*Asks:* 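One structure, pasted below without further comment.
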Protein chains: 2
Amino acid sequence: MVIPPQDQPITSLADVAQLAKVSIATASRVLTGSSHPVAEKTRRRVVSAAERLDYVPSAVGRALVTKRTALIGVIVNDISDPYFAEIARGIDDAARDAQYLTMICNADARPEAELSHVKALSSFPASGIIFAGSGSAVPGAEAAVAEAARRAEKRGVLVTALARKSFECRTLTVDNFAACRDLTRYLVSIGHRRIAFVEGPPDRYASIDRLAGFRSALAEASLTEAHVYTGGFDFESGATAARRMLSNDLPDAVVAGNDESAAGLSHALREAGIDVPGQVSVAGIDDTRTARIAGLTTVRVPLYELGHEAARQMVTRTANDGPLLTLFPHEIVVRSSTAPRHSTRP
Amino acid sequence: MVIPPQDQPITSLADVAQLAKVSIATASRVLTGSSHPVAEKTRRRVVSAAERLDYVPSAVGRALVTKRTALIGVIVNDISDPYFAEIARGIDDAARDAQYLTMICNADARPEAELSHVKALSSFPASGIIFAGSGSAVPGAEAAVAEAARRAEKRGVLVTALARKSFECRTLTVDNFAACRDLTRYLVSIGHRRIAFVEGPPDRYASIDRLAGFRSALAEASLTEAHVYTGGFDFESGATAARRMLSNDLPDAVVAGNDESAAGLSHALREAGIDVPGQVSVAGIDDTRTARIAGLTTVRVPLYELGHEAARQMVTRTANDGPLLTLFPHEIVVRSSTAPRHSTRP
DNA sequence: TTGTAAGCGTTATCAG
DNA sequence: CTGATAACGCTTACAA
């Protein structure tokens with residue numbers, strides 16, 4: 001590592017102590033708000049010395065002793081995806097309230113990237129690591145990540161997931177199966193019969209659980225799926241599925257694996273002259289800001305709240321007691337991308 | 001700070017050295033890839049010992065000596081705003097390539113929050129701090145932030161801004177004035193005459209420069225502005241402006257201060273039965289993913305690239321030599337929210 | 001080529 | 001109530 005020119009010496013606790021004419025120990029006790037008793041007069045001398053010198057305690061010096069930094073690491077697939085951005089915002093708000101800093105790591109769903117991030121975060125070490133995305137159901141795909149997470153935990157790093165992972169881990173999430181089942185039930189309830197699904201990445205638990213929920217709702221209603229299109233969690237995947245749908249046959253309604261995909265789907269459908277929701281209803285999942293902008297019917301998943309609560313538990317170190325799995329409620333949000341079957345556009 | 005139970009001792013360089021039967025110094029030289037010569041046989045012993053112990057060097061121990069952590073801090077207004085999320089993604093990609101971690105700090109445009117983040121980042125200290133959002137033109141509003149940034153720089157922390165700030169600072173950005181002027185020129189070129197503007201937060205340089213660019217283009221064409229609506233950089237601000245527009249009088253076209261606002265604007269207009277772009281053309285600025293989803297005509301601002309290049313310069317410590325101001329090019333992107341005057345929807 | 005040891009800034013222990 | 005000091009894990013002169 002390149003050592004940059006150290007133009008200015010850092011003012012350290014020793015400087016504060018010297019100016020206040022106390023020992024380093026006393027200065028530390030005052031500035032950390034320790035419970036160790038310090039005379040009021042002494043305290044004031046230290047505080048004013050610190051202010052005069054614009055003293056900022058060295059996080060590194062402190063961490064060397066406490067073996068912990070006021071850092072929370074978040075491993076996302078892609079921070080520019082609103083799903084993760086909203087989670088990250090919730091985390092950082094809770095972190096900031098407790099004077100913690102939030103580190104964002106993009107892993108693009110690659111286990112090797114996750115692994116290297118877990119290691120980097122452990123090297124500080126961060127107080128906690130939050131896995132924002134769901135895991136891969138491919139056997140062994142996450143083995144190394146699981147092992148690294150387990151080791152980090154043994155060293156006192158709190159680990160929390162906000163979606164189902166392939167290893168045991170404290171988890172705050174929603175019931176993806178139920179969420180997608182409820183959404184599909186809604187589409188059935190407004191008269192749709194031929195309903196298609198656009199899948200997310202097929203190895204992800206989020207995709208798998210959502211597809212299963214979709215199928216469950218259809219089975220309840222004694223319906224068979226119109227078609228399950230392979231897809232992905234991005235706009236382009238939805239658009240691609242739409243094009244295949246157009247050259248295939250149009251269902252009454254489509255459930256997409258998430259909002260991004262639903263947005264791409266309805267965009268491409270409309271571009272081809274299809275009336276959404278007049279001819280085809282389209283629904284997404286997550287209720288990210290994409291859903292609002294595109295006017296999508298969707299299922300609200302409390303992303304901000306998931307992140308906020310996970311981080312809150314970490315900074316208060318409550319995460320160790322709570323239950324291993326906490327489910328947050330979801331809720332259908334009806335907007336203008338769906339309509340009763342055979343209605344026309346309002 | 002609470003000291004957590006240290007379930008497991010951290011394996012340190014001493015452990016590696018012991019297992020490899022070398023001194024700590026030698027182990028360090030091998031593992032840091034120092035230029036100091038080490039016998040090949042010794043090197044291999046150290047490497048295999050490190051592997052066997054699953055050694056991860058302590059970032060804190062290292063930072064205590066080098067006075068620098070492999071951390072880049074990014075101060076954004078709101079990471080859940082795609083504008084900032086796309087910048088953050090660019091930064092993290094460059095950071096990750098160099099084995100740096102990215103810290104995201106949400107400041108919601110509040111100088112006090114920015115200040116506390118700069119201090120927190122300095123306390124590590126981070127290698128660099130990137131200000132993603134533009135500054136406030138209110139005199140003195142950012143004085144304390146400017147001072148803290150200046151001090152951080154004196155200690156070797158690199159500081160870069162991705163938008164105009166009220167203090168001198170290495171800056172990579174686009175010409176907001178020209179961007180908005182060019183967009184307005186485009187609307188004029190397709191026949192619009194009565195053109196309105198929806199402002200961003202009035203104290204921000206980004207808002208001010210864009211409004212000035214808008215007025216400049218109108219002046220060139222000897223037009224007067226239809227109306228300048230107060231607004232903001234969010235969806236709701238655009239929607240609010242639309243409602244005032246409806247009870248006022250409809251212009252031929254509207255330029256919004258950014259894409260979020262433009263999305264809210266066109267959403268509310270359409271909800272009120274107005275044909276966009278048939279009756280009113282709407283354009284945004286930035287070309288965030290919001291623009292793609294909403295099908296907005298806009299100006300592409302290379303957000304990812306700005307973040308990527310800023311971070312790249314930081315990790316290579318090139319930021320000290322380059323020019324103080326670097327302008328990145330912008331580009332008009334035409335989508336379906338604008339059309340020539342008096343045309344009907346395609 | 002290897003090793004010894006100083007020192008980074010902080011907290012915590014223990015003695016006064 | 002205050003202070004001296006060990007310890008944390010690492011890098012890097014300097015010595016051998």
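Note that the coordinates shown come from a computational prediction; the quantities given were computed from them, not determined experimentally.
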*Asks:* Scan side-chain atoms only and decide if B:Thr316 and B:Thr318 contain a donor-acceptor pair under the 3.5 Å cut-off.
*Replies:*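 A pair is found: one side chain offers a donor N or O, the other an acceptor, under 3.5 Å apart.
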*Asks:* Extract from the structure each pairing of a protein N or O with an N or O of nucleotides 3-5 of chain D at less than 3.5 Å, listing the distance.
*Replies:*
| residue | atom | partner | partner atom | Å |
| --- | --- | --- | --- | --- |
| D:dG3 | OP2 | A:Ser23 | N | 3.0 |
| D:dG3 | OP2 | A:Ser23 | OG | 3.4 |
| D:dG3 | OP2 | A:Thr26 | OG1 | 3.0 |
| D:dG3 | N7 | A:Arg29 | NH2 | 2.6 |
| D:dG3 | O6 | A:Arg29 | NH1 | 3.1 |
| D:dG3 | O6 | A:Arg29 | NH2 | 3.4 |

*Asks:* Does one side chain, of B:Asn77 or B:Asp108, offer a donor that lies under 3.5 Å from an acceptor on the other?
*Replies:* no
*Asks:* Using a strict 4.0 Å threshold on nitrogen-to-oxygen distance, state whether A:Arg44 and A:Glu40 make a salt bridge.
*Replies:* yes
*Asks:* If you look only at pairs with a residue in residues 124-144 of chain A, which of them pass as a salt bridge (charged side-chain N to carboxylate O under 4.0 Å, His left out), with sequence neighbours excluded?
*Replies:* A:Glu142-A:Lys165
*Asks:* Rounded to 10°, tell me the angle between the two end axes of the helix from C:dT1-D:dA16 to C:dG16-D:dC1, each built from five pairs.
*Replies:* 40°
*Asks:* Measure OH/A:Tyr55 against C1'/C:dG9 and give the value in whole Å, please.
*Replies:*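 Atom-to-atom, A:Tyr55 to C:dG9, this comes out as 7 Å.
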*Asks:* If every non-hydrogen atom of A:Arg170 is compared with every non-hydrogen atom of A:Asn320, which pair is closest and at what distance?
*Replies:*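 Minimum heavy-atom separation between A:Arg170 and A:Asn320: NH2-O, 3.6 Å.
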*Asks:* Separation of A:Phe124 atom CZ from D:dC10 atom P, in whole Å?
*Replies:*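 Going from A:Phe124 (CZ) to D:dC10 (P), I get 13 Å.
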*Asks:* Using nucleotides 6-8 of chain C, report all nitrogen or oxygen pairs with the protein that are shorter than 3.5 Å.
*Replies:*
| residue | atom | partner | partner atom | Å |
| --- | --- | --- | --- | --- |
| C:dC8 | O3' | B:Lys67 | NZ | 3.0 |

*Asks:* Kindly indicate whether the side chain of A:Arg204, heavy atoms from C-beta on, has any atom under 4.5 Å from the side chain of A:Ser136.
*Replies:*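 Yes; the side chains approach each other to less than 4.5 Å.
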*Asks:* Roughly how many Å is it from CG in A:Leu31 to C1' in C:dT11, rounded to a whole number?
*Replies:* 13 Å
*Asks:* Could you check whether atom CD of B:Glu305 has more than 12 heavy atoms from other residues, nucleotides or ligands sitting under 6.0 Å from it?
*Replies:* yes
*Asks:* Can you measure A:Arg68 atom CZ to C:dT11 atom C1' for me and round it to whole angstrom units?
*Replies:*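 After rounding, the gap between these two atoms is 15 Å.
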*Asks:* Using a cut-off of 4.0 Å on non-hydrogen atoms, how would the nucleic acid contact of B:Ser58 be classed: base, sugar-phosphate, or nothing?
*Replies:* sugar-phosphate
*Asks:* Can you name the residues that form a ring-ring contact (aromatic ring centres under 6.0 Å, His included) with B:Phe328, not counting sequence neighbours?
*Replies:* none
*Asks:* Scan residues 9-36 of chain B for pairs that pass salt bridge (charged side-chain N to carboxylate O under 4.0 Å, His left out), counting only residues two or more places apart or in two chains.
*Replies:* none
*Asks:* Report yes if at least one side-chain N or O of B:Thr66 is closer than 4.0 Å to OP1 or OP2 of D:dT11; otherwise report no.
*Replies:*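 Answer no for this pair, as no side-chain N or O of B:Thr66 is under 4.0 Å from OP1 or OP2.
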*Asks:* Could you tell me whether the side chains of A:Tyr304 and A:Asp93 share a donor-acceptor contact shorter than 3.5 Å?
*Replies:* yes
*Asks:* Between atom CZ in B:Arg62 and atom C1' in C:dG9, what is the gap in whole Å?
*Replies:*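 B:Arg62 atom CZ is separated from C:dG9 atom C1' by 18 Å.
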*Asks:* Mind checking whether B:Arg68 and B:Val157 have side chains closer than 4.5 Å, heavy atoms only?
*Replies:*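 Counting from C-beta outward, B:Arg68 and B:Val157 do come under 4.5 Å.
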